[in-house]
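We're numbering straight along the sequence, starting at 1. Given the structure is predicted, the values throughout are model-derived calculations rather than measurements.
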Amino acid sequence: MSIHDTVATLSRETRARLAALHGRYEDGELSWEQFMDLGAAEATRRSQAASSLAALAVAAELSRLSGRVRAPTGGGAGYDIETAARAQLNDQTATQSYQQDGNTAMGIAGAAVVMAAYQDTTARSMQDQGVTFSRRQVEPDACEICQDMADMVLPTTENHYHHKGCACIAVPVSENGEDQ
């Protein structure tokens with residue numbers, strides 16, 4: 001299983017876990033505060049794992065491409081993941097999708113927190129490693145928007161577009177657009 005597959009699994013598991021926790025809230029087993037505490041903790045824990053995997057993935061890819069071992073950088077996500085998780089869950093309650101299906105909406109919000117931590121750490125790790133350009137690698141079942149942006153090369157100072165639930169990643173490339 002690749003690192004990307006592992007992160008996708010973390011994202012799917014977070015989605016399922018938050019949907020289940022929200023179901024317990026809707027069934028009256030949890031108060032809103034308990035749901036938020038448990039949901040934010042679950043999203044935070046899995047996001048921290050995804051962030052660590054992102055730093056490892058960048059170092060592994062650079063090691064493979066250069067033929068010399070590169071150590072992961074320890075930058076992590078550039079923000080407080082728990083605060084972001086709570087904000088994402090709270091913001092999700094104002095969406096139309098939450099009004100239609102709260103369990104699914106909360107699951108999507110949790111998965112988005114995980115992928116955002118992975119994507120942010122990937123970008124920061126590439127900059128820390130001296131990578132100047134990255135290429136968008138789309139997930140196998142990417143949406144039409146993401147498919148249109150497949151293989152787009154950007155400077156690492158610019159972020160690739162990601163929508164909520166996006167599992168596309170950035171991979172290092174050299175200045176001429178070739179893999180490093």
Side-chain angles (χ1 to χ4, degrees), residues 1-60 72-128 136-143 145-146 159-171:
M1 180 181 282
S2 72
I3 290 174
H4 188 153
D5 292 339
T6 303
V7 172
T9 299
L10 280 171
S11 182
R12 279 191 307 274
E13 289 173 353
T14 304
R15 185 178 184 151
R17 183 74 176 131
L18 264 72
L21 284 170
H22 191 267
R24 291 181 58 201
Y25 160 72
E26 285 187 339
D27 292 343
E29 296 175 34
L30 298 174
S31 67
W32 179 251
E33 292 76 24
Q34 290 170 319
F35 164 73
M36 285 295 287
D37 288 345
L38 291 170
E42 184 71 22
T44 298
R45 182 175 65 87
R46 292 178 188 269
S47 295
Q48 289 168 336
S51 182
S52 296
L53 285 170
L56 181 62
V58 169
T73 58
Y79 54 88
D80 182 334
I81 293 174
E82 183 176 1
T83 300
R86 286 184 177 279
Q88 182 74 18
L89 295 177
N90 198 45
D91 290 350
Q92 189 70 1
T93 62
T95 65
Q96 184 177 10
S97 61
Y98 180 80
Q99 305 310 316
Q100 293 172 347
D101 184 350
N103 296 345
T104 298
M106 283 302 174
I108 291 169
V113 172
V114 170
M115 288 310 303
Y118 181 81
Q119 291 156 344
D120 185 75
T121 303
T122 296
R124 293 169 58 84
S125 291
M126 282 195 283
Q127 289 178 358
D128 290 349
R136 182 187 192 87
Q137 179 179 322
V138 299
E139 63 177 322
D141 58 345
C143 70
I145 294 169
C146 290
N159 291 324
H160 287 273
Y161 168 77
H162 291 101
H163 55 79
K164 190 180 288 185
C166 183
C168 298
I169 60 171
V171 295

Where do T14 and A43 come nearest, in terms of heavy atoms and distance? CG2-CA, 4.2 Å
Donor-acceptor pair, distance only, cut-off 3.5 Å: does the side chain of Y79 make one with the backbone of A117? yes
Minimum heavy-atom separation for A105 to Y98, with atom names? CB-CA, 3.6 Å
So L10 and M115, do their side chains get closer than 4.5 Å, heavy atoms only? no
Counting only N and O atoms by type, is there a donor-acceptor contact under 3.5 Å from the side chain of Q99 to the main-chain atoms of T93? yes
Heavy-atom closest pair, residues V113 and A84: CG2-O, 4.4 Å
Heavy atoms only: give me the nearest C146-R136 pair and the separation to one decimal. SG-NH2, 3.2 Å
Does L53 reach the side chain of T6, with side-chain heavy atoms less than 4.5 Å apart? yes
Measure the spacing between CG of D27 and NE2 of H22 and express it to the nearest 0.5 Å. 10.5 Å
Could you measure the distance from the CD1 atom of I81 to the CD atom of Q48? Nearest 0.5 Å is fine. 5.0 Å
L56 CG to T121 OG1 distance, which is reported to the nearest 0.5 Å: 12.0 Å
Hey, could you give me the CE/CG distance between M36 and L89, rounded to the nearest 0.5 Å? 5.0 Å
I'd like to know if the side chain of E82 and the backbone of T44 have a donor-acceptor N/O pair within less than 3.5 Å. no
When rounded to the nearest 0.5 angstrom, what distance separates CG in L38 from CZ in R17? 7.0 Å
Where is the tightest heavy-atom contact between I145 and Y161, given as atom of each residue plus distance? CG2-CE2, 4.2 Å
Whether R124 side chain and T73 backbone form a donor-acceptor pair below 3.5 Å: no
Crowded around Q96 CD? As in, over 12 foreign heavy atoms under 6.0 Å? no
Closest non-hydrogen atoms of E13 and R46, given as atom of the first, atom of the second and distance, are OE1-NH1, 2.6 Å
CD on Q92 to OG on S97, rounded to 0.5 Å: 4.5 Å
Counting C-beta onward and ignoring hydrogens, is there a side-chain heavy-atom pair between T122 and I169 closer than 4.5 Å? no
Indicate yes or no: at least one non-hydrogen side-chain atom of M106 is less than 4.5 angstrom from one of L21. no
So do the side chains of T9 and R12 get within less than 4.5 Å of each other, counting heavy atoms only? yes
Is there a side-chain contact between F35 and R24 in this structure, where contact means two heavy atoms from C-beta onward sitting under 4.5 Å apart? no
